[in-house]
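Structure record follows, encoded as structure tokens.
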Amino acid sequence: MALRAQAGSRGAPDEGAAQAPAFVILGEGAGDVAAREALLDRAMGPKRRKKSSEKLRRGRRPSEGLAFVARDPSGAVVGTVRLWDVRLGEGGPSALLLGPLAVEPGLKSGGIGSALMRHATAEAARLGHGAILLVGDAPYYGRFGFSADRTGALAMPGPYERHRLLARELKEGALDGATGTIKAAGRKIKEQVPGFVA
């Protein structure tokens, strides 16, 4: 499934630059690994691998059908977002963890990140998932329906800022009674393929 867009053509009026290139959102492929990792390094720096969210992703594959890249007209990867299967507490409900979301630094504010967020959340809902969690800035993610209102009884498996643990229910009541530490629940990487980074 592909979504074609002109950067800056969707979302809030403060998003986008008229000169931003068109882009297409596609499912991530095996050939995107090196470009995605290089983009994440440019956008987030080397410390990204030490974040608490990374503990939930390490050794796992993204949730089936929920890893996307944005490509510019030349085919270069200019954005990425992935969602991961998690369990909320011991024996609690399943949910998704979104991240990382990254856009080529020179193209930020061009609407690519917003389009990736909308596409990823719409696909997660279409596939029947109940809720998405992430660690991020409430002012940015609030416009996509995320807040800390339902995460007070949940915890990440490592250091994090509690006010940055946000959630969005895709099905009403999906987070009712969710408590405890968020645990990885996704498909494990059975054999490390050379060059594959989860």
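- Scanning all heavy atoms of the two residues, the minimum distance from Gly65 to Leu127 falls at O-CD1, 4.3 Å.
- For Arg150, the side chain to side chain contact (heavy atoms under 4.5 Å, CB included) test picks out Glu169, Leu175, Asp176, with sequence neighbours left out.
- With sequence neighbours excluded, no residue forms a salt bridge (charged side-chain N to carboxylate O under 4.0 Å, His left out) with Asp149.
- For the side chain to side chain contact (heavy atoms under 4.5 Å, CB included) test, residues two or more places apart in sequence or in another chain that qualify with Thr181 are Ala155, Pro157, Lys183.
- Looking only at side-chain heavy atoms (C-beta outward), Thr121 and Arg168 come within less than 4.5 Å of each other.
- With values rounded to the nearest 0.5 angstrom, His129 atom NE2 is found 9.0 Å from Lys171 atom NZ.
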| task | Given side-chain contact (heavy atoms from CB on, under 4.5 Å), test Asp32 with Arg71 step by step and report yes or no. | result | CA-CA 10 Å; Asp32 294 325; Arg71 293 185 182 282; 2.2 Å; yes
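- There is no path of hydrophobic side-chain contacts, each under 4.5 Å, that joins Met44 to Val78.
- Of the N and O atoms on the side chains of Arg143 and Tyr141, not one donor lies less than 3.5 Å from an acceptor on the other residue.
- The two residues Leu116 and Ala102 have their closest heavy-atom pair at CD1-O, 4.3 Å.
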Show me, pair by pair, the donor-acceptor contacts under 3.5 angstrom made by side chains of residues 91-101, not counting sequence neighbours?
none

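- Within the 3.5 Å criterion, the main-chain N or O of Gly75 finds a donor-acceptor partner in the side chain of Asp72.
- In this structure, OG on Ser147 lies 13.5 Å from NE2 on His163, to the nearest 0.5 angstrom.
- Evaluation of the side chain to side chain contact (heavy atoms under 4.5 Å, CB included) rule for Pro159 yields Ser52, Lys55 as partners, not counting sequence neighbours.
- When hydrophobic clusters are built by joining Ile, Leu, Val, Met, Phe, Trp and Tyr residues whose side-chain heavy atoms come closer than 4.5 Å, directly or via intermediates, Val77 is not grouped with Val81.
- Note: the hydrophobic cluster containing Leu170 also contains Phe144 (ILVMFWY, side chain heavy atoms under 4.5 Å, direct or indirect links).
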| Stepwise side-chain contact (heavy atoms from CB on, under 4.5 Å) test for Arg82 and Leu66 | CA-CA 6 Å; Arg82 301 168 113 197; Leu66 292 174; over 6 Å; no
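- Taken to the nearest 0.5 Å, the CE atom of Met117 stands 15.0 Å off from the CD1 atom of Ile112.
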| query | Can you check salt bridge (charged side-chain N to carboxylate O under 4.0 Å, His left out) on Arg57 and Glu54, steps first, answer last? | reply | CA-CA 5 Å; Arg57 298 189 286 257; Glu54 185 61 27; 3.3 Å; yes
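- Hydrophobic clustering, with ILVMFWY side chains joined whenever heavy atoms are under 4.5 angstrom apart, keeps Leu39 apart from Val103.
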| query | Could you go step by step and tell me if Trp84 and Arg61 meet the side-chain contact (heavy atoms from CB on, under 4.5 Å) rule? | reply | CA-CA 7 Å; Trp84 308 80; Arg61 294 186 183 279; 5.5 Å; no
| task | Could you walk me through whether Leu165 and Ile182 pass side-chain contact (heavy atoms from CB on, under 4.5 Å), step by step? | result | CA-CA 11 Å; Leu165 180 57; Ile182 300 167; 4.2 Å; yes
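- Under the salt bridge (charged side-chain N to carboxylate O under 4.0 Å, His left out) criterion, the residue pairs touching residues 101-117 are Arg42-Glu104, with sequence neighbours excluded.
- When the salt bridge (charged side-chain N to carboxylate O under 4.0 Å, His left out) test is applied to Arg187, the partners found at least two apart in sequence or on another chain are Glu64.
- Across Leu154 and Tyr160, no two heavy atoms sit closer than the pair O-OH, 3.5 Å.
- When the side chain to side chain donor-acceptor pair (under 3.5 Å) test is applied to Ser63, the partners found at least two apart in sequence or on another chain are Asp85.
- Scanning all heavy atoms of the two residues, the minimum distance from Ala178 to Leu88 falls at CB-CD1, 3.9 Å.
- The side chain to side chain contact (heavy atoms under 4.5 Å, CB included) check on Ala184 picks up Leu56, Arg60, with sequence neighbours excluded.
- The closest donor-acceptor contact from the side chain of Ser114 to the backbone of Gly111 lies at 3.5 Å or more, if one exists at all.
- Applying the side chain to side chain donor-acceptor pair (under 3.5 Å) rule to Asp41 yields the partners Arg48, Arg49; only residues at least two apart in sequence or on another chain are considered.
- Under the 4.5 Å side-chain heavy-atom criterion for ILVMFWY residues, a single connected hydrophobic cluster contains both Ile25 and Leu83.
- Taking every heavy atom of both residues into account, Pro105 and Ala43 meet most closely at CG-CA, 4.0 Å.
- In this structure, Gly27 and Phe68 approach most closely via the heavy-atom pair CA-CD2, 4.0 Å.
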